[in-house]
Amino acid sequence: MNEQHPRTITVNQIGYSTTGGKLALFSGEVPHYQVVDVKTGSIVFTGQTGDGIEDKPSGSRVYTGDFSAVTAAGRYRIEGADGEVSAAFSIADKPYQELQHGLLKAFYYYRCGTELGGEYAGPWGHRACHQAEGTVYSQPELKLDSCGGWHDAGDYGKYSGPGAKAVADLLLAWELYPAAFNGTFTLPESDGVMPDVLLECKVELDWLFKMQETGSGGVYHKLTTLNFPGLDVMPEDDTAELYFAPVSAAATGDFAGVMAMAARSYAPFDEAYAARCLEAARAAWNWLTAHPEAPGFTNPPGITTGEYGDEEVNDERFWAAAELFRTTGDEQYHTAVKELVQLSFPKYSLGWADMGGYGTLAYLLNGENSAEPSLYAMLKDGLLAEAGRLLRQSRQDGYRISLLEEDYIWGSNMLVMNNAMLLLAAEHFSGEAAYAACALDHLHYLLGRNVLGISYVTGFGEHAVMHPHHRPSVGDHVAEPVPGLVSGGPDRGLHDEYVLEHLQGKPAAQCFIDHELSYSTNEVTIYWNSPAVFVAARFNS
């Protein structure tokens, strides 16, 4: 068992920008510390910590050491007076470039239905998987092509809503920070014309087309086997029958939203593909308008794989309407936006269940001139108010992030990165640098500046996650896990048997264990990676 304990000195294990601020956080009092050049062993800076903060989520008193005066590129460690040592880290002009590439490349490793070859996959390749037709659950006699897309998580299910959230994050990253995606040619399809990020999103979009029910425009909620395969089963050995779960309003709304986004993103590169995306989005919207009372999704009898149940679907409808209005300028969608926004659902959330924030971003990014002034002002003010709340909470937190004690839930690192995304949206619309600085603190946390001193991204950092709940990483017999995967992070609810046995009584932010059996703290998913790509792109642009 790779059990985690608090580390005295924690840093972003990837590193810091030469010109930006640089903070190390100390769990416990270390009055004096020094920054040491790893290569030469020379001391380049000596400092002392400031006053501590009692940090209830981590169970620690946290002290801050500011070494922003160190600006020379290089590789460093921080040492305390009593022999405490931090992980190594770099100082560089663009310290997060390789990280961003790795976070994006992870989606290649999630690909389903195709062989992952050695040239692109390294030791983590595998044979083509899940190529059989799937059975439509409600029409067992109907078999459909189910191949392609991304595996959702540590298992091999594929889900329309979470997949749409992941693609939306990547398309937003490309829209806002295009320079961050220049010059990456790491995929079999790389052609130097269409950016890798769009080539990779196309893999999922092509599969999502297959999830749209012929004739109705509705979208099947998910495609999975009846039950999860064993933890050491490689994807090509998972040969149980696949089922298209019934159409849901949540999946259809998400599909409409992301396809309308894609129509804009792909238009400069492939007009025919963009037109196909828009046609599919319109068909999904027509299904939504024809089924105004369609209920949320629950697993039908016999299916025990991840449900992704969602009883509130007005947020997905709002996102769909906002994206279609932005893409087409058609007033019917604007009218729908103005009607839906009056309903009660989260308007600034970026989670797979609460997609209202994507509708808000679509409306605001469309510009004030195209908007109803009062609605634009309301949504912008609301977004900035929410970002302000996150900023204030982060300033009160020992590890400088926006999570309250009760926010250390299953997938807490998704909250960390989603909140960072929202802070960066606030920076975009306000120009206030404080929002970006706070978002960067969230990235620092993900990469090791947390109470456990662990980088939650496989393959990145001296003390990075090594044993994710991820079937290919368990079954491939390669010592190192598939790289670039974001782990779920601390879950104070102790929702699996392994942590229930080993982590009783731990503070919220310490409720994590780097073990393959801990699916509630150490699983990985595409929609935990996607906001991390967005945040890394901001600081790599």
Chemist: State, to 0.1 Å, how close Phe107 and Ala166 come at their nearest heavy-atom pair, and which atoms those are.
Modeler: CE2-CB, 4.3 Å
Chemist: Between the side chains of Tyr308 and Asp152, is a donor N or O closer than 3.5 angstrom to an acceptor N or O?
Modeler: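 Tyr308 vs Asp152: donor-acceptor pair found between side chains.
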Chemist: Inspect the contact between Glu331 and Lys338 and indicate whether a charged nitrogen and a carboxylate oxygen are less than 4.0 angstrom apart.
Modeler: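 Salt bridge between Lys338 and Glu331, a charged N being under 4.0 Å from a carboxylate O: yes.
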Chemist: Taking side-chain hydrogen bond (donor to acceptor under 3.5 Å, both in side chains) as the criterion, tell me which of Asp491, Asp514, Asp496 meets it with Asn522.
Modeler: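 In the set Asp491, Asp514, Asp496, the residue that makes a side-chain hydrogen bond (donor to acceptor under 3.5 Å, both in side chains) with Asn522 is Asp514.
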Chemist: What pairs with Arg389 under side chain to side chain donor-acceptor pair (under 3.5 Å), at least two apart in sequence or on another chain?
Modeler: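 Partners of Arg389 under the side chain to side chain donor-acceptor pair (under 3.5 Å) test: Glu386.
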Chemist: Measure from NZ or CZ of Lys202 to the centre of the six-membered ring of Tyr273 and say whether it is under 6.0 Å with the direction within 45° of the ring axis.
Modeler: yes
Chemist: Does Tyr498 have its ring centroid less than 6.0 Å away from the ring centroid of Tyr519?
Modeler: no
Chemist: Just checking, Lys158 and Tyr156: is the charged tip under 6.0 Å from the six-membered ring centre and within 45° of the axis?
Modeler: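 Negative - Lys158 is either too far from the ring of Tyr156 or too far off its axis.
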Chemist: Just verifying a value: how many Å separate Ser412 OG and Asp407 CG, rounded to the nearest 0.5 Å?
Modeler: 9.0 Å
Chemist: What do you reckon, are the aromatic ring centroids of His334 and Tyr363 less than 6.0 Å apart?
Modeler: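 Yes; Tyr363 has its ring centre under 6.0 Å from that of His334.
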Chemist: For Glu405, what residues pass the salt bridge (charged side-chain N to carboxylate O under 4.0 Å, His left out) criterion, not counting sequence neighbours?
Modeler: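 Partners of Glu405 by the salt bridge (charged side-chain N to carboxylate O under 4.0 Å, His left out) criterion, ordered by chain and then number, come out as Lys56.
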Chemist: If I compare all heavy atoms of Gln332 with all of Trp285, which pair ends up nearest, and what's the gap?
Modeler: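 Nearest pair, atom of Gln332 first, then Trp285: OE1-NE1, 4.2 Å.
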Chemist: With a 3.5 Å cut-off and no angle check, do the side chains of Tyr96 and Arg538 form a donor-acceptor pair?
Modeler: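 Their side chains do not contain a donor-acceptor pair, so the 3.5 Å distance test is not met.
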Chemist: Cut-off 3.5 Å, side chains only: do Ser146 and His130 have a donor facing an acceptor?
Modeler: no
Chemist: Considering non-hydrogen atoms only, spot the tightest contact between Thr521 and Cys511 and give its length.
Modeler: CG2-O, 3.4 Å
Chemist: Regarding Glu241 and Lys143, does a basic nitrogen lie under 4.0 Å from an acidic carboxylate oxygen?
Modeler: yes
Chemist: Any salt bridge linking Arg492 with Glu406? Criterion: basic side-chain nitrogen under 4.0 Å from a carboxylate oxygen.
Modeler: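 Result for this pair is no, no salt bridge flagged.
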Chemist: Any luck finding a side-chain donor-acceptor pair between Trp410 and Glu523 under 3.5 Å?
Modeler: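 On atom types as modelled, these side chains do not qualify, holding no pair under 3.5 Å.
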